[in-house]
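Comments concern the structure below.
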Amino acid sequence: MPRKLLNAELQRLSPQAYRNAPKLPIVLVLDNIRSQHNIGAAFRTADAFCIERICLCGISAVPPGPEIHKSALGAEDTVPWSYFSHTAEAVTQLHEEGYTVLCIEQVEKAYSLHLFTPQKDTKYALVFGNEVRGIQQEVVDMGDGNIEIPQFGTKHSLNVSVSIGVVLWDFLVKLHGR
């Protein structure tokens, strides 16, 4: 039987090594995420996939906070982040920085995630929306495209933290073949 590995055997990066490690050219944009647990989970997932940073927008809580920390397990201290009072401001700035902004949302003519091929020479900003209302239409209108995660059951959505994990994993595999 395989033996479960100890944390010390996983050869994870130290916080300093993480800061200096090459990053996946992705920024998460969290549009009015109300749950601090979802914010913390976004930080933890962002750390796991070594992305560039997170933009917290609108009503999204910002670190430090005990509920964020409970889910992030310290990733809120390793993943760079910034706050914008309006998501549109973050999208405008990211466009100015040369990012392709993709909204992860169920909209007309959205690309299905499994059919979308990210380009290796492109920086992406991935927008994820509020747990109830999704991404604001104004923000969808500002994006460069939309991606939908295919779903086949009776529910019409996934938890935002799950969606972040699914999309980041898909991008990592397609960009780096891992």
Side-chain angles (χ1 to χ4, degrees), residues 4-5 7 10-15 17-19 21 23-87 90-91 94 99 101-106 110 113-114 116 118 123-136 139-140 143 146-151 153 155-176 178:
K4 183 177 172 184
L5 295 174
N7 284 344
L10 296 176
Q11 300 178 15
R12 297 291 187 230
L13 298 175
S14 69
Y18 178 87
R19 285 183 197 93
K23 303 293 188 284
L24 196 60
I26 294 176
V27 173
L28 291 184
V29 180
L30 304 184
D31 178 24
N32 291 297
I33 305 298
R34 65 181 181 180
S35 165
Q36 291 187 41
H37 292 287
N38 284 336
I39 298 290
F43 271 97
R44 191 167 168 186
T45 303
D47 178 282
F49 294 115
C50 213
I51 70 158
E52 290 181 357
R53 69 185 192 267
I54 296 176
C55 296
L56 300 167
C57 305
I59 66 168
S60 300
V62 299
E67 293 201 19
I68 292 173
H69 181 73
K70 184 177 182 180
S71 298
L73 295 178
E76 73 277 25
D77 298 326
T78 57
V79 176
W81 61 273
S82 55
Y83 174 77
F84 295 85
S85 56
H86 300 285
T87 308
V91 170
L94 289 161
Y99 286 86
V101 177
L102 299 174
C103 296
I104 313 304
E105 186 62 271
Q106 297 166 329
L113 179 61
H114 70 286
F116 180 80
K123 301 185 306 184
Y124 291 99
L126 304 176
V127 183
F128 293 86
N130 177 273
E131 294 90 339
V132 175
R133 293 179 302 280
I135 299 171
Q136 301 170 72
V139 175
V140 170
N146 303 286
I147 295 176
E148 182 176 356
I149 301 169
Q151 299 168 54
K155 300 303 172 198
H156 67 277
S157 67
L158 296 168
N159 178 279
V160 66
S161 67
V162 172
S163 295
I164 291 168
V166 167
V167 172
L168 287 181
W169 173 253
D170 186 77
F171 269 63
L172 176 72
V173 169
K174 289 175 179 172
L175 289 171
H176 295 295
R178 294 183 188 179

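Everything quoted here is computed from the prediction, not taken from an experiment.
When the shell of 6.0 Å around NE2 of H86 is examined, it contains 12 or fewer heavy atoms from other residues, nucleotides or ligands. Crowding of R19 atom CZ: a count of heavy atoms from other residues, nucleotides or ligands under 6.0 Å exceeding 12.
Here CG of L73 is found 13.0 Å from CD1 of I68. Values are rounded to the nearest 0.5 Å. Here the OG1-CG distance, from T87 to N32, works out to 5.0 Å after rounding to the nearest 0.5 Å. Annotation: the span from E148 atom CD to Q151 atom CD amounts to 7.0 Å, rounded to 0.5 Å. A distance of 9.5 Å separates CG in L102 from CZ in F128, rounded to the nearest 0.5 Å. Once rounded to the nearest 0.5 Å, the distance linking SG of C55 with CH2 of W81 reads 11.0 Å. The CZ atom of R34 lies 11.5 Å from the OG atom of S60; values are rounded to the nearest 0.5 Å.
Partner of F43 under the side-chain contact (heavy atoms from CB on, under 4.5 Å) criterion, out of L28, L30, L56: L56 alone.
Taking every heavy atom of both residues into account, C103 and V140 meet most closely at SG-CA, 3.8 Å. Between C50 and Y18, the closest heavy-atom pair is SG-CE1, 3.5 Å. The minimum heavy-atom distance linking I33 with N130 is given by the pair CD1-N, 4.0 Å. Minimum heavy-atom separation, L94 to A125: CD1-CB, 3.7 Å. Between A21 and L13 the shortest heavy-atom distance is CB-CD1, 3.8 Å. Of all non-hydrogen atoms in V167 and I149, the two that sit nearest each other are CG2-CD1, 3.8 Å.
With D31 contributing its side chain and V127 its backbone, the two residues share no donor-acceptor pair below 3.5 Å. Side-chain atoms of E105 come within 3.5 Å of backbone N or O of I135 as a donor-acceptor pair. Under a 3.5 Å cut-off, the side chain of T45 and the backbone N or O of A42 do not form any donor-acceptor pair. Panel note: side chain E131, backbone N38; no donor-acceptor pair is recorded below 3.5 Å. Judged purely by atom type and a 3.5 angstrom limit, K70 has no side-chain atom pairing as donor or acceptor with the backbone of Q36.
Ring orientation note: the planes of F171 and Y124 are nearly perpendicular, at an angle over 60° on the 30°/60° scale.
Evaluation of the side-chain contact (heavy atoms from CB on, under 4.5 Å) rule for P80 yields R53 as partners, not counting sequence neighbours.
Contact annotation: the side chain of L126 approaches that of L168 to within less than 4.5 Å [non-hydrogen atoms, C-beta and beyond].
Using a 3.5 Å distance cut-off with no hydrogens or angles, the side chains of H69 and E76 do pair a donor with an acceptor.
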